J.: 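Below you'll find the structure I mean.
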Amino acid sequence: MNPDTDVRGYVSPIEVRRAHLGDAILAEWTKMRSVRSTMWTLGALVVVVLGVGTVIPWAVRTDAPGPQGDPPLAYGFFGVLLGTVCVITLGALSFSSEFGTGLIRTTLTACPSRARVLAAKTAVYFCLVFALTLVLTVIAGIFEVVIINSPNPGPTVWAPATVGVSVYMALLGVLSLAVGAMVRHAAGAVTAMLGIVLLPLVVAMFLPRPLSGVRSVLLNYSIPSQLVSFYGAFGGFANGSQPSGWVSLWILLGVVALAMAGAYVALDRRDV
Amino acid sequence: MGLEMIEAAGLTKRYGAKTAVHDLTFEVRPGHVTGFLGPNGSGKSTTMRMIVGLDRPTSGTVTVGGRPFRQTPNAPRKVGALLDAQAVHGGRSARNHLLSLAQLSGIPASRVEEVLDVVGLRDVAGKRSKGFSLGMGQRLGIAAALLGDPQVLLFDEPVNGLDPEGIYWVRTLMKRLAAEGRTVLVSSHLMSEMAVTADHLLVIGRGRLLADMSVREFISRNSADFARVRVADDAAGRTGELAAAVAEAGGRALKEPDGALRVTGIDLPRISDLAHKADIRLWELSPHHASLEEAYMRLTQDVVDYRSTDDELAGFTPPEDEAHPLDTAPGPPEVPEVPAQGWYAPPPPGQAPPQTRSRP
Ligand SMILES: Nc1ncnc2c1ncn2[C@@H]1O[C@H](COP(=O)(O)OP(=O)(O)OP(=O)(O)O)[C@@H](O)[C@H]1O
Ligand SMILES: [Mg+2]
């Protein structure tokens with residue numbers, strides 16, 4: 001239409017700057033904080049971890065004078081176990097809600113690097129869940145010690161029950177995020193994750209006797225058993241030979257790495 | 001190079017057994033508004049998704065400025081796209097939606113307020129986009145496309161749901177963007193709108209390229225322009241003579257009911273010359289221009305996949321009296337001078353009637 005503009009093309013007055021991972025992280029943080037579902041889900045996490053962490057020690061306190069069985073921090077386990085549902089749900093929504101609305105197309109047009117989008121979402125969610133769970137488990141732990149009126153357990157008890165559990169929760173969250181990127185469907189992703197968490201336990205309970213080997217593996221390595229191992233308490237669902245807390249972390253880390261690889265391939269290869 | 005062209009070569013996309021896009025080769029040049037037309041399901045959106053690397057071509061390539069989109073550095077500053085205006089998280093405000101996109105693309109946050117003003121959404125920018133009307137959503141999608149002030153813009157049905165003022169605004173916006181030297185590819189089903197917006201057209205049907213030419217050329221090629229020629233009454237007997245001369249000159253003449261001729265295939269001055277040479281006086285020699293809509297309908301009529309039929313309500317009509325006294329059976333239709341045609345323009349010369357016309 002206009003021959004001389006044809007030759008020059010358009011040059012934007014806005015300075016062109018190469019976007020990087022930091023930009024993507026900032027964008028994900030904006031997305032995360034700007035929807036109510038984040039507030040609701042994380043609010044539920046707060047209520048569950050603090051609520052259960054207070055109520056259970058309160059309930060057992062009345063018949064407390066007996067021999068001190070489990071360390072006081074262990075009561076926090078139940079709240080954290082319930083809290084995994086919140087963490088899993090929000091993590092699964094991270095990608096699947098973008099696929100559901102089609103927003104993912106806008107996102108991947110603004111940032112064609114699938115790896116960067118995946119890394120940014122993972123980083124933001126990991127840090128968010130880790131920080132929040134750490135704060136909550138510490139507060140809940142203090143409640144428990146105070147309510148039970150037990151001597152302060154040493155740092156070797158505190159560390160796995162707070163930092164360890166928080167890392168485990170955060171890893172569970174990003175596992176769920178990766179599953180969401182592969183499944184692309186909110187309900188499907190949440191269901192798949194709940195299956196991963198609950199199914200081994202349920203299956204183990206109904207396994208016939210000849211399969212007791214399989215049964216004990218399922219019991220020991222199910223996610224609730226691994227989670228309880230951070231508290232070094234309760235025979236729990238397992239028979240006492242479950243991995244110790246820090247080993248659980250490595251196991252989950254391996255699973256997360258596999259899921260991340262799968263999520264990347266799915267984002268990279270499949271049509272959006 | 002400063003030329004940000006979209007170039008497709010042998011672009012093909014199959015979804016299972018369904019071929020959505022078949023062997024498309026085209027260029028979209030800067031400085032023009034290129035209209036992207038085709039019936040429902042013809043593959044326009046699929047092509048646009050492949051341009052921005054969302055769908056992988058089954059075969060063939062498409063590049064923007066010489067590179068596949070996914071390998072383009074600073075891609076969001078080079079290409080902006082409105083693919084689906086509903087593609088927002090309903091719980092997020094327009095401002096936060098655009099802010100996250102700006103951050104993702106490395107664009108200053110102040111640009112968000114600018115585009116909000118451009119699309120006229122500033123007043124509702126803080127509201128959750130769930131409550132947006134169709135047109136407001138569309139404006140938000142356009143804002144997202146403009147955010148990076150890119151050289152290449154793709155708009156998939158941008159005027160969907162816009163009010164007349166919004167449509168006018170989009171029209172002037174497209175033209176302005178193209179006049180600034182940008183590459184603008186717009187798909188639309190509104191032919192009247194395309195006729196005044198686009199300079200160039202890409203028309204596809206069932207995933208195949210049907211036309212790639214300027215709007216003017218498209219209209220004159222695919223229809224429909226004809227000249228009405230009426231011989232002076234006292235020479236009416238010589239109409240046949242003129243028709244023969246027209247046919248000899250490569251045109252086609254059809255007789256209209258009032259005795260005038262409908263001439264296609266040769267232009268007006270030539271008709272006048274022919275009449276003069278044959279010494280036939282004319283009382284009328286008038287051009288009839290077809291619209292883009294007519295031309296488009298003609299070109300795509302046999303590649304339309306989804307066509308409605310009359311709603312007969314047959315199963316619901318109460319049985320009527322067998323006799324229809326007032327229903328005079330229609331006699332055989334008179335053989336029309338101008339051949340029976342659909343509601344679209346008549347076929348251009350040298351082409352078989354629509355139903356049997358071979359696909360180009
Ligand atoms: N993800 C997909 N999976 C399977 N088939 C698809 C997919 N996307 C598109 N198609 C098919 O490809 C064809 C082209 O669809 P497309 O959306 O590109 O058409 P369109 O020209 O944009 O139509 P419209 O004018 O209605 O928007 C259709 O037959 C559609 O059913
Ligand atoms: Mg479409």
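Proteins come first, then strands; the chains are lettered A, B, ... in the order of their sequence lines, and each starts at number 1. Remember, it's a predicted structure, so these values are computed and weren't measured experimentally.
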J.: Which residue is it: Arg92(B), Arg95(B), Arg128(B)? I am looking for the one with a side chain to side chain donor-acceptor pair (under 3.5 Å) to Ser34(A).
T.: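 With Ser34(A) as partner, side chain to side chain donor-acceptor pair (under 3.5 Å) holds for just one option, Arg92(B).
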J.: Check each atom of His200(B) against the heavy atoms of chain A and say whether the ones under 4.5 Å are side chain, backbone, both or neither.
T.: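 Neither part; nothing is under 4.5 Å.
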J.: Is Glu15(A) close to chain B through its backbone or its side chain, or both, or neither, when contacts mean heavy atoms under 4.5 Å?
T.: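 The backbone, not the side chain.
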J.: Return the option, out of Gly106(B), Ala144(B), Ala87(B), with the maximum number of heavy-atom pairs under 4.5 Å with chain A.
T.: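 Winner by heavy-atom pair count: Ala87(B).
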J.: Return the option, out of Arg114(A), Arg33(A), Arg116(A), with the maximum number of heavy-atom pairs under 4.5 Å with chain B.
T.: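 The candidate making the most pairs under 4.5 Å is Arg114(A).
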J.: Where does Asp149(B) contact chain A at under 4.5 Å (heavy atoms): side chain, backbone, both or neither?
T.: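 Backbone plus side chain of Asp149(B), per the 4.5 Å heavy-atom cut-off to chain A.
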J.: What residues of residues 84-109 of chain A sit under 4.5 Å from chain B when you count only heavy atoms?
T.: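 Listed by number: Ser97(A), Thr101(A), Gly102(A), Leu103(A), Arg105(A), Thr106(A), Thr107(A), Leu108(A), Thr109(A).
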J.: Could you go through His97(B) and Lys31(A), starting from their C-alpha distance and side-chain angles, then the distance that decides it, and tell me whether this counts as side-chain contact (heavy atoms from CB on, under 4.5 Å)?
T.: CA-CA 7 Å; His97(B) 172 69; Lys31(A) 281 187 199 167; over 6 Å; no
J.: Would you say Arg122(B) has more than 12 foreign heavy atoms packed within less than 6.0 Å of its CZ?
T.: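 More than 12 heavy atoms, drawn from other residues, nucleotides or ligands, come within 6.0 Å of this atom.
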J.: So which residue, Pro108(B), Ala145(B), Ala102(B), Ser100(B), ends up with the most heavy-atom pairs under 4.5 Å with chain A?
T.: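 Among Pro108(B), Ala145(B), Ala102(B), Ser100(B), the one with the most close pairs to chain A is Ser100(B).
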J.: With Ser42(B), which residues qualify under side-chain contact (heavy atoms from CB on, under 4.5 Å), at least two apart?
T.: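 By the side-chain contact (heavy atoms from CB on, under 4.5 Å) rule, Ser42(B) matches Pro39(B), Lys44(B), Ile204(B).
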J.: Short question: side chain of Arg182(B), backbone of Val11(A) - any donor-acceptor pair under 3.5 Å?
T.: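 Not at all, since once roles are kept as given, no pair shorter than 3.5 Å links the two residues.
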J.: Got a list of side-chain donor-acceptor pairs under 3.5 Å for residues 18-27 of chain A, not counting sequence neighbours?
T.:
unit_1: His20(A); atom_1: ND1; unit_2: Gly22(A); atom_2: N; d: 3.1
unit_1: Asp23(A); atom_1: OD1; unit_2: Arg17(A); atom_2: NH2; d: 3.1
unit_1: Asp23(A); atom_1: OD2; unit_2: Arg17(A); atom_2: NH1; d: 3.2
unit_1: Asp23(A); atom_1: OD2; unit_2: His20(A); atom_2: N; d: 2.9

J.: Rounded to the nearest 0.5 Å, how far apart are OG of Ser12(A) and CG of Asn74(B)?
T.: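 Between Ser12(A) OG and Asn74(B) CG, I get 11.0 Å after rounding to 0.5 Å.
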J.: Sequence neighbours excluded and cut-off under 3.5 Å, please list the side-chain donor-acceptor pairs for residues 263-272 of chain A, or say none.
T.:
unit_1: Asp268(A); atom_1: OD1; unit_2: Arg70(B); atom_2: NH2; d: 2.5
unit_1: Arg270(A); atom_1: NH1; unit_2: Met182(A); atom_2: O; d: 3.1
unit_1: Asp271(A); atom_1: OD1; unit_2: Arg56(B); atom_2: N; d: 2.9
unit_1: Asp271(A); atom_1: OD2; unit_2: Lys13(B); atom_2: NZ; d: 2.6

J.: Say whether, by atom type as modelled, one donor and one acceptor occur between the side chain of Gln151(B) and the main chain of Tyr10(A) under 3.5 angstrom.
T.: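 Indeed, once roles are kept as given, a pair shorter than 3.5 Å links the two residues.
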J.: For the CD atom of Glu28(A) and the CD atom of Gln103(B), what is their distance to the nearest 0.5 Å?
T.: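 So the gap between those two atoms works out to 10.0 Å.
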